[in-house]
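Okay, structure first, notes after.
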Amino acid sequence: MSMEKEIHTVSVYVSNKPGALARIAQVFSRRGYNIESLVVSPAFDGHFSRMTIGCSGSADGLDQIIKQVDKLVDVLRCIDHTNDGSVVKEMGLIKLEVSSDARSEALQIAEHYGCKTIDLTDQSMIIQVVGNPDKIDALEKMIGKFRIVELVRTGKVVMSRGNECT
Amino acid sequence: MPNKIEEGGQALIKCLESEGVEYIFGYSGGAAIPIFDALVTTENNIEFVLVRHEQGAVHMADGYARATGKPAVVLVTSGPGATNTLTGIMTAHMDSVPMIVVSGQAVSWMLGKDAFQEADIFGITMPVVKHSYLVKETNDIPRITREAFHIATTGRPGPVLIDIPKDVSAGPFTGDLRAEMDLPGYRLNTDVDNDVILRISEAVAKAKRPLILAGHGAMIAQADDVLMALAEKANIPVTSTLLGKGIFPESHRLSLGMLGMHGTAYANKAVCECDLILNVGSRFDDRILGQPDSFCQDATIVHIDIDAAEVGKMIQPQIACVADAKMALEELIKHVPVMEHTAWNKHLDGYKKAYPLKFKRQGGLKMQHVIDEFYKQTEGRACVSTDVGQHQMWAAQFYKNESRYDWLSSGGAGTMGFGFPASIGAAFGRRDDIHICFVGDGGFQMTFFELATVAIHKLPVKIVVLNNHYLGMVRQWQELFYDDRMSGVDLEGNPDFVKLAESFGVKGFNLRRPGDVKRVVETALAYNEGPCLINCEVEKTDNVYPMVPAGAALEAMLVEAPTQKMAKPTGST
Ligand SMILES: Cc1ncc(C[n+]2csc(CCOP(=O)(O)OP(=O)(O)O)c2C)c(N)n1
Ligand SMILES: [Mg+2]
């Protein structure tokens, strides 16, 4: 078994039933998988939910997890999107401590990453970034020269390209 | 009795009846009173069996299901009533046994507020059920009941819990008793992929030393006829797991009996030497693998299982077929040629002669002797349950099963206390058959209070207490692997089991000497005024062989007592 830790992106399409999330989470934790990020939201018709789970652990372990999640009664499908070229996006909000003289430099960096400024005060600003998780990581590094007061990331969401379903 | 359905509880009883439920095993209590009331206010033909402990109820439902193939229902109250079912639910889940557990619950508006006898049984049982429900609307009861039975009995079966708050079961019912299921996520893999079948048949046709491994999945799929036809057509020897016992007659010339930790030497040697293993519905449990890495290293491994998540879980097969075992074999047999395999079968017959299962009929009384006598006198036709321990393994070795549904034993969970109530459940389902329940003195004391249940219903259960005054299996491990340092295994203070039985109105016999075995077994089998108990005072320190130390390769099997000191086993238990 390969012991190397990888970050995986898994999507779950699931009936919107009480307990469904707990059942899915149990499969991951039982097999020693760390859930790094989790996004749950209603699918467009309301009876179903979409989950995107970012997790880490060995690749062969994940294969078992996918099968076990897939067989849960409430789960319609569970797919591993790791390295399959799917669209992966995340949003982040970053609150910075920036005095007015440093503001323009901060804004320059933010602009480079396509961020929006959401809130602005004399001492602080909140910027919003959208993109794949790597991009947010990079921004975090760059903007780290200012004091980051708070940083909140939504966790990634995934969608397959073309006719493939998620 | 009025036949009007006015309340949730009544709707539930009607739905259970329409699912064909014959028995509800259970125990009453406050939160379940509306359901118990519905049992008497609703016209129905379900028999309610009042047990003496909720664990007894779950194992009875389990035994009933294993012995009949049909699900039974457990009905308990909230809080401690519900938590007392946990071990039984886990036992059924590990062995893929269908079952519906209905628990009463505190009223909805008190949930999460530590109401009297509130326990989050929905949450507590989540890892050990196939599925579960917390019912919020009275009118959902028919849909949920229908779904519960469908889920419990199809695909890979398992227990389903339905937790019903008291206000929901007592609430007015205005819904439709024939409500449809709504299970978009529940997909069954029963279709057989013909390409895969062709690949399997080619591999089987090429094999020189093929072996069939039959597991519980073959039993659940009722694949016995086609399994027999296939084995005979191609002269392939068959070994079975503990739970597969009886899916192929163990007296058949091609049968190698059970494999694994305490399996026959010839079955384990066949596994080591085969060049193809055709696993039909076994999940490659660690008790049969020995050491996964060295299991069937040079053989082609074929795995047929209805549960896709079993494929590659323990062993990576060369060919996998996710399908119903019976349907898969019915396709496979069309393509597998007639074969003889004379040399291979002769070779294995040699092992059967060299390493027979044996015991001494002289000296102290042996468990094996008692079990063997029951086997001979019933010709392998009784429905046999066991508890867990040495007696279980000897029963597996010496009570050879002739047909399916006649072997009830807790395999995956190894639950002590299972055997006796399971036998009671089986006897409810098959009142005209002989039921023999082999129990240890330890395990019997975990659920013996069901003597009341078995007596009240005058069930034909022969309770064979194989009394070695020890937690024998643990003592065996301590003797072999821990320098005979005994710790926590001496059952001093055992009751007089015959007097105990008689105090419940159950006939009791004592058996002490090998010379009496034949006569006492005869008497017990001839006794037909209900249950009886046979207390067998057996040798205290006998050990079960063959034995593969946990975690060791099958090749490391001990066929008899080791002469040198053994290292501590590396396997899980
Ligand atoms: C509920 C439970 N507790 C503990 C065990 C561990 N255990 C396995 S076998 C065994 C000994 C059983 O003793 P007994 O019922 O007398 O049967 P014997 O082995 O002596 O035949 C024990 C304690 C278990 N399997 N189940
Ligand atoms: Mg004992």
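When reading the values below, keep in mind they use all heavy atoms of this one structure, side chains included, and skip hydrogens, waters and symmetry mates. Each chain gets a letter, A, B and so on, in the order the sequences are listed, and its residues count up from 1.
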Considering only heavy atoms, which portion of A/F48 lies under 4.5 Å from any heavy atom of chain B: side chain, backbone, both, or neither?
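Interface part for A/F48: side chain.
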Residue part contacting chain B, namely of A/Q64, when any heavy atom lies under 4.5 Å
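Contact with chain B: side chain only.
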From the options A/H81, A/R77, A/R50, select the one residue that forms a side chain to side chain donor-acceptor pair (under 3.5 Å) with A/S11.
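It is A/H81; the other options fail the test.
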Establish, from distance only, whether the side-chain atoms of [X] and [Y] form a donor-acceptor pair under 3.5 Å.
X	Y	answer
A/S124	A/E97	no
B/Q291	B/S294	yes
A/D45	A/H47	no

Per-residue contacts, residues 131-154 of chain B versus chain A, heavy atoms under 4.5 Å
B/H131, B/S132, B/K136, B/I151
Counterpart residues, side chain to side chain donor-acceptor pair (under 3.5 Å), relative to [X] (two or more places apart):
X	answer
B/D298	none
B/Q316	none
A/E90	A/R153

Just by modelled atom types, is the A/A106 backbone N or O under 3.5 Å from a matching donor or acceptor in the A/E111 side chain?
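Pair absent, no side-chain N/O of A/E111 close to backbone of A/A106.
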Among A/D70, A/I65, A/V14, who wins on heavy-atom pairs under 4.5 Å with chain B?
A/D70
Side chain, backbone, both or neither: which part of B/V160 has a non-hydrogen atom closer than 4.5 Å to chain A?
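When you check distances to chain A, no heavy atom of B/V160 falls under 4.5 Å.
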